[in-house]
Structure formats: structure tokens, C-alpha cells
Protein chains: 2
Amino acid sequence: MEPGPPGSSGPVEPGPCLSGQRGADHAASAFLQSAAGTEPGRHSLAVAAVLPAGCGERMGVPTPKQFCPILERPLISYTLQALERVCWIKDIVVAVTGENMEVMKSIIQKYQHKRISLVEAGVTRHRSIFSGLKALAEDQLNSKLSKPEVVIIHDAVRPFVEEDVLFKVVTAAKEHGCTDYDLEFGTECLQLALKYCRTKAKLVEGSPDLWKVTYKRDLYAAESIIKEIISQEICVVMDSKEDNKHVGHLLEEVLKSELNHVKVTSEALCHAGRHLQQIILDQCYNFVCVNVMTSDFQETQKLLSMLEESNLSILYPVVVVSVHFLDFKLVPPSQKMENLMQIKEFSKKVKERNILLYGLLISYPQDEQKLQESLRQGAIIIASLVKERNSGLIGQLLIA
Amino acid sequence: MEPGPPGSSGPVEPGPCLSGQRGADHAASAFLQSAAGTEPGRHSLAVAAVLPAGCGERMGVPTPKQFCPILERPLISYTLQALERVCWIKDIVVAVTGENMEVMKSIIQKYQHKRISLVEAGVTRHRSIFSGLKALAEDQLNSKLSKPEVVIIHDAVRPFVEEDVLFKVVTAAKEHGCTDYDLEFGTECLQLALKYCRTKAKLVEGSPDLWKVTYKRDLYAAESIIKEIISQEICVVMDSKEDNKHVGHLLEEVLKSELNHVKVTSEALCHAGRHLQQIILDQCYNFVCVNVMTSDFQETQKLLSMLEESNLSILYPVVVVSVHFLDFKLVPPSQKMENLMQIKEFSKKVKERNILLYGLLISYPQDEQKLQESLRQGAIIIASLVKERNSGLIGQLLIA
């Protein structure tokens with residue numbers, strides 16, 4: 001995929017909005033940056049997207065899944081997020097039935113989606129697409145939408161769409177006139193275009209990830225994939241005191257060795273939280289707050305405040321594990337219990353901000369071997385909490 | 001699907017082996033019992049199954065998933081279980097590559113599969129099928145296999161096969177000579193049969209559940225479906241003392257109202273465990289053991305012993321939640337902690353038998369309203385433990 005000759009149109013290099021992305025966009029980001037080049041002043045190709053998201057209930061066909069929740073957030077929101085991440089898609093037009101219009105508006109508001117316009121769906125998918133195209137085609141003074149050169153038609157129930165595939169499709173459309181990239185039955189649109197329009201058309205092969213969420217099993221699969229994506233990084237947060245740093249780094253090492261496919265980083269809570277802000281911007285959804293010889297929650301509360309201010313948890317639930325290394329012999333159990341029971345109250349409060357708070361006690365000091373074993377048990381517990389992201393267990397105090 | 005005329009061959013009524021089955025077999029069981037009738041002395045149709053389970057690694061095609069674990073058990077074992085449940089399938093022949101032969105034998109042994117024979121796979125799926133058919137066709141004195149009239153060819157990676165579909169296919173094969181029921185691309189075999197053999201053939205429509213586990217997302221989906229199936233029933237176990245029964249039934253009621261799609265039953269631990277044995281036979285995989293005003297584990301240990309003896313946990317992990325209703329003011333916290341820390345040791349021990357043990361404390365007595373709220377919190381925690389079936393959190397003491 002080379003950039004076109006100088007002066008030709010092609011999608012503009014997306015710029016800083018792709019930096020620091022994680023998970024599904026790694027490949028797309030690298031690909032696009034190499035493909036699009038860095039020529040300044042390049043004309044941009046005007047690209048928009050239309051998402052048919054009507055209900056189209058037909059006999060014997062499963063109910064469309066776009067409003068089904070995954071981690072308490074409707075599937076369509078994930079698809080919108082995937083498209084919004086592509087900076088060179090200027091407008092996203094979603095076609096929904098009249099009765100779903102309000103629901104859709106509240107989804108856009110709650111999850112802070114941008115560049116979205118709504119139109120009324122038709123009785124069939126093709127009529128919904130037509131509805132969306134009309135909105136983009138109209139040259140109205142009060143219309144926010146500008147007329148694009150290429151329109152991407154994308155199902156609301158295909159959340160795992162990546163930028164590189166879209167780039168291929170848009171590029172091919174520019175060259176050939178019309179393309180389709182649906183892997184399974186998507187020659188539908190293509191065949192119609194060939195049959196009814198004097199237009200050339202091309203089929204671009206998509207990845208298996210472009211599959212359509214149709215059955216309940218697909219919702220399950222989508223949920224597992226999304227959970228896997230947001231479990232790829234854990235940040236161990238500690239304050240700068242020597243004891244904390246020592247134990248914190250021990251825990252970090254054990255987490256790295258126990259969890260093969262997870263990136264484990266560590267940050268200090270001080271530094272005016274600057275580095276931590278960056279971690280949050282980089283889309284890390286899992287934090288372990290290390291507290292040594294204290295059962296109070298000051299450090300954890302500082303972290304929670306930063307997270308609440310950051311809006312990180314708008315799109316995905318954020319897991320925070322408050323780890324307390326305690327000498328079980330020194331601290332009276334009843335006091336310990338009282339202090340730690342505060343965690344139940346904190347967890348209810350932060351749940352309203354989509355943050356899942358758990359507590360973990362590790363006995364300390366111990367001889368080195370026992371400590372290693374406790375750290376290993378602690379890592380297994382942390383991994384379980386991150387993987388399951390279960391809201392039923394918030395505020396629990398676990399013991400390694 | 002009516003039974004054939006008197007004297008004709010058809011699959012024999014399966015008899016008591018289908019009774020009490022749960023989950024995927026409900027529909028099949030009812031269907032078959034009505035279809036097959038209850039005529040004594042009916043000749044049985046000899047039916048066998050061949051499962052191609054070779055590795056067939058081709059460029060660009062995902063690695064076959066039959067040995068991938070779901071809940072720590074290889075996918076192929078679930079498929080074998082589904083076929084074994086069909087009493088009128090007399091022999092199941094699995095074709096595996098030479099290097100997987102030992103692994104396959106250990107799977108058969110560990111999960112106690114029956115009626116399985118192994119043959120060596122060919123380089124292609126069709127050659128593997130041929131290999132299996134040859135083994136069934138050969139009239140050897142020392143062969144355990146009897147020559148069948150109908151052979152079902154079934155992929156090792158389609159675990160959700162139900163008896164009613166197999167019945168349809170076998171019946172159609174008997175009438176038409178050859179059938180295929182693969183929903184997506186399965187006309188492969190059918191086309192070959194039509195092209196190369198002078199045989200009539202028929203295509204039977206299968207259910208969406210017959211999908212093939214091909215990609216990682218399919219493993220995720222299969223795991224979620226299997227977890228859902230084994231989470232459909234919870235049994236609340238209590239001893240016969242009045243206090244226990246009262247609180248136990250309160251918990252049972254709250255569980256029923258919190259968990260819509262779950263069947264909640266209760267049983268007494270005494271009665272020589274006879275009713276409990278039946279629950280275990282009926283494939284209930286989740287138990288809540290109620291203990292009132294005691295932090296010891298005697299009752300829970302009785303239940304665990306019964307479960308260990310029963311072999312219930314061979315195929316699926318069994319969840320046991322030991323619930324303790326305690327007056328937090330009366331029982332000294334340190335004693336409580338010591339007693340309850342035994343749960344960590346118990347849980348490690350029973351984990352070796354694929355039983356996942358968790359503890360749950362609920363404050364009691366309390367005024368009615370607070371108790372209802374604690375019971376509700378307890379139900380949410382129990383539901384989370386049953387749903388996730390997470391081995392990382394065993395031996396933890398949770399508080400409602």
C-alpha cells in the first residue's frame with residue numbers, strides 16, 4: 001500500500017490522535033502511518049461512514065444485537081468508538097428506527113461519541129443505507145455534514161473493525177469506484193452495485209475480526225475479546241517511600257512472570273501524578289495500589305480521585321486493587337477489620353463512576369520464600385480480578 | 001418425525017439413560033422419546049459415529065482447536081460427551097494423528113469416555129473419515145466394533161450437537177441413502193457423495209448451535225455457553241435444625257428472585273444424603289452450604305465428601321460456597337479469622353478434585369430489613385462465583 005503520487009488525493013495522515021493507542025489499533029496505526037507518509041499539505045479525501053442500525057425483524061432471523069450490552073455498554077457504542085478512532089472519517093451517520101432514536105441520543109451523550117449524526121432507518125438495510133447517503137448528499141446550509149467523496153457502509157454489529165482494512169477499502173474505492181469488504185456474505189452490496197449501476201467494483205478481503213455479532217454466542221465472544229483487550233496492561237502504583245518501592249517492585253516482578261501476555265508497568269503516585277496521567281491517557285484500565293504497613297486508604301483514594309477526574313472509566317470499567325502489606329501479628333485484627341471495611345463504602349461510591357475497587361491483604365514481613373509465595377498468590381488473585389472484571393465482588397477484601 | 005411402521009428399523013428408544021438430563025439435551029430427550037415411541041422388541045438401527053480430529057495444518061487456516069482447553073478440559077472431550085449421551089450411537093471412532101494418539105488416550109481415560117475407538121488420521125479430512133469407516137467396516141474377530149448401517153460423520157470441534165438433529169440425519173440417511181447436516185459449508189461431503197457414488201443424498205438443516213469452533217473467538221463463545229449451561233441450577237444445602245432451615249429458605253428465596261434464569265433448589269444434608277445424591281446425579285454443579293451461628297466447617301466438609309465420592313466434578317468444575325451466618329458482635333474476630341482461614345487449606349485440597357470452594361459471611365441476626373439487604377448482597381456474590389467459576393479466587397472469605 002504505497003501512498004499515491006504527489007498531488008493525488010488519499011486519506012490524510014491521521015496525526016496525533018492515533019498515538020499511544022493500544023490493542024486492536026496497533027497494527028492499523030503503524031500501517032497507516034507508513035502508508036500515508038508524512039507529506040505536509042496533502043489534500044485529504046473526504047470520507048464518511050453510514051451505519052445501518054435498524055431493527056429489520058424478519059421471521060427466523062435472530063434479533064439484531066446492536067443495543068445488547070457488553071460490560072453494561074451497548075454493542076453499537078463499541079462500533080462507533082472504532083470508527084471515531086479513525087481521524088480521517090469525517091462524519092458518521094447512523095440509521096436507527098424512530099423508536100430507538102432517543103436511546104441512540106442518550107448513548108451518544110453518555111459515552112461522549114463525536115461526529116455522529118442520526119437518520120431514520122428504512123424498513124430494509126438497503127433503505128437505511130439510502131437514508132444515510134441522502135443525509136450526506138444533501139447540500140443544505142444548516143447541515144453539519146459535508147458531502148464526502150467516499151462513503152464506508154459498515155454494520156453496527158461489527159465492532160472489531162480496524163483502520164487498516166478501512167484504509168484499503170477506501171483506497172480501492174477511490175481507484176475502482178466501488179468496493180465491498182464483507183468477508184462472508186457481503187457481496188450482497190457488491191452484487192447490487194454491479195447489477196444496477198454502471199460502476200466498477202472490487203472486493204477487498206477483510207480480516208476474520210470483521211465478523212458480525214448475530215447470535216448470543218457472538219455477544220459472548222465479543223465480550224471476551226473486549227475484556228481481553230482491556231486486560232493487556234496493569235499499572236502498579238506506589239508512593240515514593242523506600243519500603244513501598246521495594247515491595248511494590250517485588251510485586252511488579254511477580255506480576256510480570258505470572259502474566260505472560262500482560263504489560264506491567266509501575267508509577268509513583270507523587271510527581272504531581274504527571275506520569276500517571278500519561279498512563280491513563282494511554283488507556284490502561286487496571287491499577288494496583290501498593291500500601292505497606294498501613295490499612296488506611298489515603299494512597300488508594302488519591303489514585304481513585306485521579307481516575308475519577310480523568311474520564312477513563314466512561315467507556316470501560318476500570319479495575320483498582322488496593323493491596324495492603326500488613327504484619328498480621330502487629331495489627332490488631334479488629335482494627336484491621338474496621339479500617340478495611342471502609343472499602344465496602346468506597347467501592348459502592350466509585351462503582352457509580354464505573355470503577356471496580358477490590359482489596360487485597362498480603363502478610364508482611366515474612367521470610368523471603370513465604371513472601372514470594374504470597375506475592376505469587378496475590379498475583380493470581382489480581383489477574384483473576386482483572387480478567388473477570390466482575391462487579392458482584394467489588395468491595396471485597398481478599399487475602400493472599 | 002413419526003416412528004416408522006411396525007417392523008421397520010429405526011433408532012431404538014434410548015431408555016433411562018436420557019432421564020434427568022439438563023441443558024442442551026432437554027429438547028432432544030423429549031423429542032426422541034416422543035418420536036421413537038415405546039414399542040418393545042423394536043429392532044435397533046446400528047449407528048456409529050466417525051470424528052475426524054486430525055491436524056490438517058494448511059497455510060492461512062487457523063490451527064484446529066480440538067485440543068484447546070475450556071475450563072481446563074479439551075474441546076474434543078465435550079464433543080465426545082455430547083455423542084456418548086446418545087445411547088443409540090453404538091461406537092464412536094476418532095481419527096487423530098499419530099503424535100496425538102497418547103494425548104487422546106489420556107483424555108479418554110481422565111474424563112472416563114466410553115465406546116471410543118481410535119484410528120490414525122489421514123493427511124486430509126476425507127482420508128481421516130475413510131480411516132474411521134474402514135475400522136467400522138472390517139469384520140474382524142478381535143474387533144470390538146460391529147458394522148453399522150448408518151455412520152454419522154461429525155467434526156470434533158462442533159461440541160453443541162443435539163440428539164434431535166442426529167436423529168433427523170440418521171432417519172433421513174436410512175430413507176434416502178446419504179445425508180449431510182452441516183449448516184454452512186457441509187455440502188462438501190454431500191457433493192462428493194453425489195459426484196462419485198451412485199447414491200441418493202439429502203440435506204438436513206441443522207441448528208445454529210452446530211457451528212464449528214474455528215477461531216479464538218469461538219473458543220471464547222464455547223466457554224461462555226458451557227459455563228452458562230452448568231450455571232443453570234444451584235442447590236442450597238442445610239442441615240435439618242430449625243434455625244438453619246429458616247435462614248436457609250430465606251436465602252433460597254432471595255436467590256430465586258435475584259437470579260431469573262437459574263433453578264434454585266434446597267436439600268437437607270441428612271436423609272443419608274439420598275436426595276442430595278439425586279441432585280448430584282441430575283447434574284447440578286453449584287452448591288451453597290448454609291451454616292448458622294457457626295464458623296466451623298463440619299457441614300460443608302460432609303457435602304464436600306459426598307461430592308468427591310460422586311465423580312460429579314470429573315467433567316466440570318463444581319462450585320461450593322460455604323455460607324456462614326454469624327453474629328459479628330458475639331464471635332471474637334480473631335477466633336473467627338482462625339477458623340475461617342481453614343477454608344484456604346480445604347480449598348487447595350478439593351481443587352485437586354476440580355471442586356472450587358469459597359466462603360461467604362453474612363451478619364446475623366439483624367433486623368429484617370438489614371438481613372434482606374445482606375441476603376441480596378450474598379445472592380449477588382454467590383451468582384458471581386457461580387458465573388465466573390474462577391479458580392483464582394478459591395479459599396477466599398467474602399463478606400455480604
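Side chains included, hydrogens not; waters and symmetry mates left out as well; all remaining heavy atoms used.
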Task: Minimum-distance pair of heavy atoms, taken over all atoms of B/Lys344 and A/Ile399 - done: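 Heavy atoms only, the tightest pair is NZ-O, 2.7 Å.
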Open item on the list: Give me the atom names and distance for the closest heavy-atom approach of B/Ile380 to A/Gly392.
Closed with: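 Nearest pair, atom of B/Ile380 first, then A/Gly392: CG2-CA, 3.8 Å.
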Open item on the list: Using only atom types and a distance under 3.5 Å, with no angle test, would you say the side chain of A/Lys387 pairs donor to acceptor with the backbone of B/Asn390?
Closed with: no
Separation of [Y] [atom2] from [X] [atom1] (nearest 0.5 Å):
| X | Y | atom1 | atom2 | value |
| --- | --- | --- | --- | --- |
| B/Leu398 | A/Leu398 | CG | CG | 6.5 Å |
| A/Leu393 | B/Tyr358 | CG | OH | 9.5 Å |
| B/Glu388 | A/Leu385 | CD | CG | 10.5 Å |

TODO: Answer yes or no: does atom NZ of A/Lys256 have more than 12 heavy-atom neighbours from other residues, nucleotides or ligands under 6.0 Å?
DONE: yes
Task: Side chain / backbone / both / neither for B/Ala222 at chain A, heavy atoms under 4.5 Å - done: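 For B/Ala222, no heavy atom lies under 4.5 Å from chain A.
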Task: Qualifying residue for side-chain contact (heavy atoms from CB on, under 4.5 Å) with B/Tyr220, from A/Glu228, A/Arg217, A/Lys227 - done: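 That would be A/Glu228; it is the only one of A/Glu228, A/Arg217, A/Lys227 passing the side-chain contact (heavy atoms from CB on, under 4.5 Å) with B/Tyr220.
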- [ ] Check whether A/Ala383 gets within reach of chain B through its side chain, its backbone, both or neither, counting any heavy atom under 4.5 Å.
- [x] neither
